[in-house]
Amino acid sequence: MRPAVSPPPTATRVSAVGSSPVREILALTARPEVISFAGGLPAPELFDAAGIRAAYDAVLAESPHRVLQYSTTEGDVDLRTAVAARFTGRGLPTEADDLLVTTGSQQALTLLATALLEPGDVVLVENPCYLAALQCFGFAGARVVPVPTDDDGLDPEALEEIVRRERPKLLYLVPTFQNPTGRTLPEARRRAVAEIAAQHGFWIVEDDPYGELRYDGEPVPWVAAVPAAADRTVLLGSFSKILAPGLRLGYLRAPAALRRACVIAKQAADLHTSTVDQAAAARYLRDSDLDAHVAVMRAAYRERRDALVGGLEAALPAGSRWNNPAGGMFIWVSLPAGLDATELLPIAVKHEVAYVPGAPFFVGEPEPGALRLSFTTHSPDEIDEGLRRFTKAIEEASSGR
Ligand code: PMP
């Protein structure tokens, strides 16, 4: 027999984009002994399993022929109606037909990339930026250009200068409780960003999976609500952080022509999001009180954030910086010069504590001392213990220098 000829290799875009270092770190830190500040995971003990189960039971008992069948690409009309009512109630008038249900908000990013981007197109991102968005734009062959940020998020002056130079097709933003920094873009900056988009003609993708997890202060209006850019802003939402990420349910609110393009892209991707999952979510929104459930999560997460922020002063070496985000899941830490968060991670894991180094979130030159801490999945006591372990790891790393 002649030797078999190898099949061709995978497309270069796979190796060019690469696997998410965050997912790899999560695998490494999944041991139960590890106190992990790494994952951006909702607290599993807070899932409303009984309410979700009741919703599945109800739709499967009452309309099995419908909920087990193929359905429309746009998504369950009851679910879209309920989501539209939530947007409208929060100051952003929305109809069911303005929405496309997606398989997690992550899919919305892929659909937008497919619908909008040609290879070589420029996408502007906050620096640092949500990692899986970088992967997604990378797969589309986009040239990703970073926009500088400060403690209040994206800097509009820097944005304008970069826009003049780069002529971007879109700007990707997580303006509220950003991943990885926890930062929130103030209202004046949102207006400035919208004006720049209006003047220079580019799309804004406003990704908002964390906005409902607010622990202090008042909500800031969405960029999508600023009239100047209403015709060019796509707003993404998700049930992952307020209900359960395993449902893989998100939604996209976009101007009609772009939404139709995303529908076509979604037909090719997965025909539609799971019929039964959408029906159960719609039923949950009808029969259960999602806002009351979110209030329970908010109270628990506020306490956990306070435990983590409150412990950092004693836990971190002099010269460290960190923020105290008003919501979301993440605190952004900068260790003093000489400490590299990527090099420190294996030492931390040896001490059974974990976090995500900041480096992979940067486009271009990373800040070596930056790291992301998530406070959602541990009790205040576990957080205190995690910080004691982190201090020991830093001491070990510093003594070895
Ligand atoms: N956008 C951001 C900023 C995120 O942090 C995440 C989840 N980590 C997603 C989108 C994707 O969320 P999902 O697909 O679960 O809705």
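Counting starts at 1 for both ligands and their atoms, following the listed order. Small disclaimer: the values here were computed from a predicted structure and weren't measured.
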Donor-acceptor check, side chain of Arg189 to backbone of Gly153, threshold 3.5 angstrom: yes or no? yes

With heavy-atom distances below 4.0 Å as the criterion, list the atoms of ligand 1 near Gly104. 14 (O), 16 (O)

Looking only at protein heavy atoms, identify the closest one to atom 15 (O) of ligand 1 and say how far it is in Å. Ser240 OG, 2.6 Å

Any side-chain donor near an acceptor of the partner, Glu396 and His351, under 3.5 Å: yes

Per-atom contacts of ligand 1 with Arg248, taking only distances under 4.0 Å to non-hydrogen atoms: 13 (P), 14 (O), 15 (O)

Just wondering, more than 12 heavy atoms not from Glu161 lying within 6.0 Å of its CD? no

Under 3.5 Å, is there a donor-acceptor pair between the side chain of Thr376 and the main chain of Leu41? yes

Got a donor-acceptor contact below 3.5 angstrom from the His378 side chain to the Ser36 backbone? yes

Counting from 1, what ligand 1 atoms have a heavy atom of Val174 closer than 4.0 Å? 3 (C)

What residue and heavy atom of the protein are closest to atom 12 (O) of ligand 1, and at what distance? Ser105 OG, 3.3 Å

Around atom 5 (O) of ligand 1, find the nearest protein heavy atom and jot down its residue, atom name and distance. Tyr210 OH, 2.5 Å

Specify the protein heavy atom at minimum distance from atom 9 (C) of ligand 1: its residue, its atom name, and the distance to 0.1 Å. Tyr130 OH, 3.3 Å

Close-contact set for ligand 1 against Pro209 heavy atoms, below 4.0 Å: 1 (N), 2 (C), 3 (C), 4 (C)

List the closest protein heavy-atom neighbour of atom 7 (C) of ligand 1: residue, atom name, distance to the nearest 0.1 Å. Lys241 NZ, 3.0 Å

Using the six-membered ring wherever Trp is involved, compare the ring planes of Tyr301 and Tyr215 and label them parallel, tilted or perpendicular (cut-offs 30° and 60°). perpendicular

Taking both backbone and side-chain atoms of Thr103, is any N or O found less than 3.5 Å from an N or O belonging to ligand 1? no

Do Thr88 side-chain atoms and Thr94 backbone N/O form a donor-acceptor pair below 3.5 Å? yes

Classify the angle between the aromatic ring planes of Phe362 and Trp332 as parallel (below 30°), tilted (30 to 60°) or perpendicular (above 60°). tilted

Any non-hydrogen atom of Phe239 lying under 4.0 Å from ligand 1? no

For atom 2 (C) of ligand 1, the option (of Thr176, Asp208, Leu247, Asp207) bearing the nearest heavy atom: Asp207

Side-chain donor/acceptor of Asp306 to backbone N/O of Glu303, under 3.5 Å: no

I need the atoms of ligand 1 closer than 4.0 Å to a non-hydrogen atom of Ser238, numbered in the order shown. 13 (P), 16 (O)

